[in-house]
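These notes concern the structure reproduced below.
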Amino acid sequence: MKTAIDRRSFVKNGLTAATIATTGVGLLANSSPVLAEQEFEERGGRLTRGDAALLRFAAAAEIIETDFWVQYNELGGVQDSEVPGGSGNPAYTAALSMLDSDMAQYVHDNTDDEFTHQNFLNAYLASKGAATVDLEPFRTLPGSTAKGSSGKLRITNLMQLTLDTSWWTRYRSSTHNPDLDPNFTFPQAIPTLAVGEHTAIPRTDADTIDPNFLQAIANTAGFHFPTIEQGGNSLYPSMAQRATSVEVLRILISIGPTETMHFQTWSDKAGNAKPLTAVDPVTKVSVTFPDLNSPPFGGEDFQTNLIMPEPCPFLSRKLPPCSIIRPTETKGIAMGVVKFLTSMGLFIGQSGAFFRLLHDLAEDADEARRGEQHRSDES
């Protein structure tokens, strides 16, 4: 009773209570980051092999993403101290702005995000005594020579892309989920991008002369952005299901949602792509960007302003539909990502050693098991 009375007296004294509460909040706000850092240092320890493999594969994926986003930023983004390199290509930047007036800033911010992801993941691995990922030996591919490019060698190829744009209808479908319907074929949003090889950046200054072809290049980039980001959208929650350490789980479910934010932003901008048909003057490959709101397209599967995931079957058709990320099936997710990126043409020109390393990283990640016995990572 005395404790209860004292507590009531304490609460009644509004000034004293408020003062102490404010001071207490200030102390917590000031001390919690320090305590968190101390806890991180005290936990120390080594990662399980599985957890290290998951983070290494994520780091490799982020390095690959950073490489091609830098190429986009050099030509069509904002060049500053956050994302150095390149000097911008006014014609390409203007073509991208047809999808949204803020495209240059969005490209810059997405590039900056990928830099931070790759740097954090490698630093975290190193802090735990685990092997990190270095793809610099594979920076061997020539990039664009158009105005604005830094001219440095690349890890990825943006000039021979074949894009699977079935994610467009997969996220708008209310009846099918690839986790439950692995054999269902979702229609392509841009069927002509799924065949042949297309450039998403001007290869040379000659590609900027014809405004119609240059807009086709920008439109291709506009669909490449979400095609890539929807892969990360699924990768992180799928790998998180295999994590053993709560801290590794935290990393995966904290980075993953930023990929989702990227995906939704880019899927919205892709819907603004100007309808057109263009023929590549070099390869003679034709591409058509249709009006997705008109027949034979149209309807909820193609409507351009439907950028929220439609509810669909999840886990079981006995349960009600749910708006979700899809797919999130964890089996073979890492190797699936490697196959997805390879079939896109992103690595055309890369060496056999590059593909062997990527496959090894994917196999290790796919072998990770949640709750595995704690064996130190010795890779």
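None of these values were measured; they are calculated from a predicted model.
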| query | So S174 and E310, side chain to side chain donor-acceptor pair (under 3.5 Å) or not? Walk me through it. | reply | CA-CA 6 Å; S174 59; E310 285 295 310; 5.7 Å; no
| field | Evaluation steps, side chain to side chain donor-acceptor pair (under 3.5 Å), between E229 and N233 | value | CA-CA 6 Å; E229 297 299 331; N233 198 39; over 6 Å; no
| request: Report the C-alpha distance between T199 and Q160 in whole Å, list the side-chain angles of each, state the deciding distance to 0.1 Å, and finish with yes or no for side chain to side chain donor-acceptor pair (under 3.5 Å). | output: CA-CA 5 Å; T199 185; Q160 294 175 268; over 6 Å; no
| request: For Q71 and I201, run side chain to side chain contact (heavy atoms under 4.5 Å, CB included): C-alpha distance rounded to whole Å, both residues' side-chain angles, the deciding distance at 0.1 Å, then the answer. | output: CA-CA 8 Å; Q71 296 180 62; I201 54 175; 4.0 Å; yes
| said: Show, in sequence, the C-alpha distance, side-chain angles and deciding distance for E74 and R154, and conclude whether the salt bridge (Lys or Arg N to Asp or Glu O under 4.0 Å) test is met. | reply: CA-CA 13 Å; E74 287 183 1; R154 316 293 183 175; 2.7 Å; yes
| request: Tell me, with the steps shown, if L346 and I348 meet side chain to side chain contact (heavy atoms under 4.5 Å, CB included). | output: CA-CA 6 Å; L346 199 62; I348 290 177; over 6 Å; no
| task | Under the ring pair (Phe, Tyr, Trp, His ring centres under 6.0 Å) rule, what do F68 and H224 come out as? Steps first, then yes or no, please. | result | CA-CA 11 Å; F68 65 69; H224 184 226; 5.5 Å; yes
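Nearest heavy atom pair, residue P187 against residue T169, reads O-OG1, 2.7 Å.
Taking a cutoff of 4.0 Å between a charged side-chain nitrogen and a carboxylate oxygen, R317 and D181 qualify as a salt bridge. E247 has a carboxylate O that lies under 4.0 Å from a charged side-chain N of K128, or vice versa, which qualifies the two as a salt bridge. Salt bridge status for R56 with D51: absent, with no side-chain N to carboxylate O gap under 4.0 Å. Between R139 and D67 there is a salt bridge, since a side-chain N of the basic residue sits under 4.0 Å from a carboxylate O of the acidic one. Between R242 and E367, none of the side-chain N atoms (NZ, or NE/NH1/NH2) sits under 4.0 Å from a carboxylate O, so this pair counts as no salt bridge.
The side-chain heavy atoms of F347 and I64, taken from C-beta on, include a pair separated by under 4.5 Å. At least one side-chain heavy atom of T328 sits under 4.5 Å from a side-chain heavy atom of Q241. A heavy-atom distance below 4.5 Å is found between the side chains of I228 and M344. With a 4.5 Å cut-off on side-chain heavy atoms, T145 and R203 do not count as touching.
Considering CD1 of I307 and CZ of F263, their distance stands at 9.5 Å, rounded to 0.5 Å. The line from CD of E329 to OG of S238 is 7.5 Å long, rounded to the nearest 0.5 Å. The CD1 atom of I217 sits 4.5 Å away from the CG atom of D207 when rounded to the nearest 0.5 Å. Within the model, atoms CE of M239 and CZ of F57 stand 7.0 Å from one another, a figure rounded to the nearest 0.5 Å. Remark: D205 CG to Y92 OH distance equals 14.0 Å, nearest 0.5 Å. Interatomic distance, D109 CG to E82 CD, rounded to the nearest 0.5 Å: 7.5 Å.
Under 3.5 Å, the side chains of D113 and H262 contain a donor-acceptor pair of N or O atoms. A donor-acceptor contact closer than 3.5 angstrom is absent between the side chains of W168 and D301.
Note on I155: it clusters hydrophobically with V133, by side-chain heavy-atom contacts below 4.5 Å among ILVMFWY residues. Cluster annotation: F115 is not connected to I63 through the hydrophobic network of ILVMFWY side chains, with a link wherever side-chain heavy atoms come within less than 4.5 Å. By the rule that hydrophobic residues join a cluster once side-chain heavy atoms approach within less than 4.5 Å of another member, F120 and L249 end up as members of separate clusters. Note: the hydrophobic cluster containing Y171 does not contain L306 (ILVMFWY, side chain heavy atoms under 4.5 Å, direct or indirect links).
The distance between the ring centers of F184 and F186 falls below 6.0 angstrom.
Under the 30°/60° scheme for interplanar angles, the aromatic rings of F225 and W69 are found to be tilted.
Without hydrogens or angle criteria, S234 side chain to G231 main chain gives no donor-acceptor distance under 3.5 Å.
Geometric assessment of R172 against the ring of F302 yields a negative cation-pi assignment under the 6.0 Å and 45° thresholds.
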